[in-house]
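Structure, as structure tokens:
Indexing begins at 1, ligand by ligand and atom by atom, following the structure's order. On a predicted model such as this, the values are computed, not experimentally measured, just so you know.
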Amino acid sequence: MHIHKFGGASVKDAESLKNLSSIIHKQNRPVIVVVSAMGKTTNVLEDLTEAYFTREPARAEAVFEKIKQFHEQIYLDLGLDKYAKKAAPFTEVFGWLKQKLHKAPSLNYDYEYDQIVHCGELFSSLIINTWFQHKGIDVQWVDARDIIRTDSTYRSANVNWETSKKAFDRQQVHSTRIMLTQGFIGSTPEGISTTLGREGSDYTAAILAVLSGSKDVTIWKDVPGVMNADPKHHDFSEKMPLISYQEAIELAYYGAKIIHPRTIKPLENKKIPLYVKSFLEPGEKGTEIKHVEKEIKLSPVYIIKNGQVLLSVSPRDFSFIMEKHISRIFDMFDMYNAHVSMSQNSAINYSICVDCNKRKLPTLLDRLGEEFKVLYNEHLQLITIRHYTSEAIEKMLKGKRVLLEQRSRKTARFLVEDNSKVH
Ligand code: ASP
Ligand code: MG
């Protein structure tokens with residue numbers, strides 16, 4: 001078995017769906033195809049969730065229609081209008097969503113988010129299924145929620161590997177060629193939909209690779225492979241042909257957007273190689289991520305994470321910052337799902353750079369403020385340079401004000417003001 005994962009950019013319109021089907025058609029071996037929601041659909045579904053949760057029915061209705069029309073138009077663009085009418089599951093999901101929007105939301109935002117946002121992957125996979133069938137390709141659509149079993153940590157669900165394995169083995173896959181399913185989504189033992197975190201389809205691909213004992217995973221992207229910098233922002237970016245699991249996990253951890261951070265571990269554990277390739281140039285080699293014996297010499301790799309917050313926390317009574325304080329602070333971060341990107345302590349002050357959901361930040365600040373003195377700066381940028389050189393650092397820090405910095409043997413990190421956000 002081989003896993004092929006297609007992200008939002010590779011399924012953004014009718015042309016890209018045709019491209020996907022031609023890539024898959026050329027694979028003369030059994031594959032599992034994992035797809036994301038089309039283009040920016042997840043963002044639009046997030047808007048829908050917001051409108052629903054804040055009880056703005058007119059806005060919710062407008063966003064719903066926009067999503068519906070966008071997907072229906074894809075059927076037409078594919079010349080599938082007569083099939084679209086028959087595409088019952090597709091219409092059912094929209095019907096279900098519409099009904100949901102007419103009911104009052106619960107008080108749990110993250111729960112409501114998952115109930116709405118998971119639909120994006122259902123829509124894209126259902127359209128692709130119809131297209132494959134129309135082309136006479138032997139395919140079987142599988143609802144990923146019947147396989148990926150999770151706990152109920154909405155928006156960042158944790159996979160139960162044991163029950164997922166059992167569920168996978170129970171699936172009756174008749175198609176000998178293509179199993180088509182969704183990334184990003186799962187369900188609790190009670191059958192309630194969950195999501196694995198933004199960009200989580202990569203992770204689904206890795207989970208399915210382990211469950212099915214696949215030989216490899218290919219992630220199809222709109223870039224030639226894993227680059228040493230974001231090609232959309234830096235003209236000096238270049239492809240890295242081979243990297244180790246170790247390096248990939250570090251890059252993902254520091255915020256490289258190329259692969260979802262949870263993806264590498266399951267693949268590394270089973271030594272399943274991962275290929276990152278361009279769907280625009282499917283014949284090109286891309287990047288290979290695998291176990292390597294000898295460390296590969298790499299040039300500097302640049303990773304930029306926006307939207308960071310720097311908190312400066314100190315005990316109210318001017319006492320030293322002690323382990324017990326730090327442990328309290330981390331408990332609160334854990335409670336509000338704030339991810340610590342970097343931290344540093346001095347005698348009476350603990351500086352922490354966190355990546356925090358905008359909704360949760362005010363409550364986190366209030367909670368911390370009850371026990372500590374807290375100062376904070378928002379809209380910061382965290383620049384990480386792996387395999388740094390002094391030229392690389394100079395290049396990235398030009399004209400930037402550094403608020404916090406740390407260097408280890410291989411990695412240099414700088415928290416800077418995001419110039420685009422300073423007025
Ligand atoms: N559609 C989801 C997102 O955009 C999951 C994914 O694309 O991997 O975050
Ligand atoms: Mg996406």
Which atoms of ligand 1 sit under 4.0 Å from any heavy atom of [X]?
{"X": "S201", "result": "5 (C), 6 (C), 7 (O), 8 (O)"}
{"X": "R198", "result": "3 (C), 4 (O), 9 (O)"}
{"X": "F184", "result": "2 (C), 5 (C)"}

[Y]/[X] salt bridge by N-O under 4.0 Å criterion:
{"X": "E61", "Y": "K98", "answer": "yes"}
{"X": "E405", "Y": "R407", "answer": "yes"}
{"X": "R386", "Y": "E247", "answer": "yes"}
{"X": "R155", "Y": "D110", "answer": "yes"}

Quiz item: Does the pair I147 and I207 meet the rule for a side chain to side chain contact (heavy atoms under 4.5 Å, CB included), with working shown?
Solution: CA-CA 10 Å; I147 298 175; I207 300 166; over 6 Å; no
Quiz item: Purely on distance, is any nitrogen or oxygen of D202 under 3.5 Å from one on ligand 1?
Solution: no
Quiz item: Do any N/O atoms on K5 end up under 3.5 angstrom from N/O atoms on ligand 1?
Solution: no
Practice problem: Quick one: look at H260 and ligand 1, take heavy-atom pairs under 4.0 Å, and tell me if it's side chain, backbone, both or neither. | Solution: neither
Quiz item: Between R145 and I185, is there a donor-acceptor pair closer than 3.5 Å when you use the side chain of the first and the backbone of the second?
Solution: no
Self-check item: Min heavy-atom dist G200 to ligand 1 below 4.0 Å
Solution: yes
Exercise. Give a yes/no on ligand 1: does K40 have at least one heavy atom closer than 4.0 angstrom to it?
Key: no
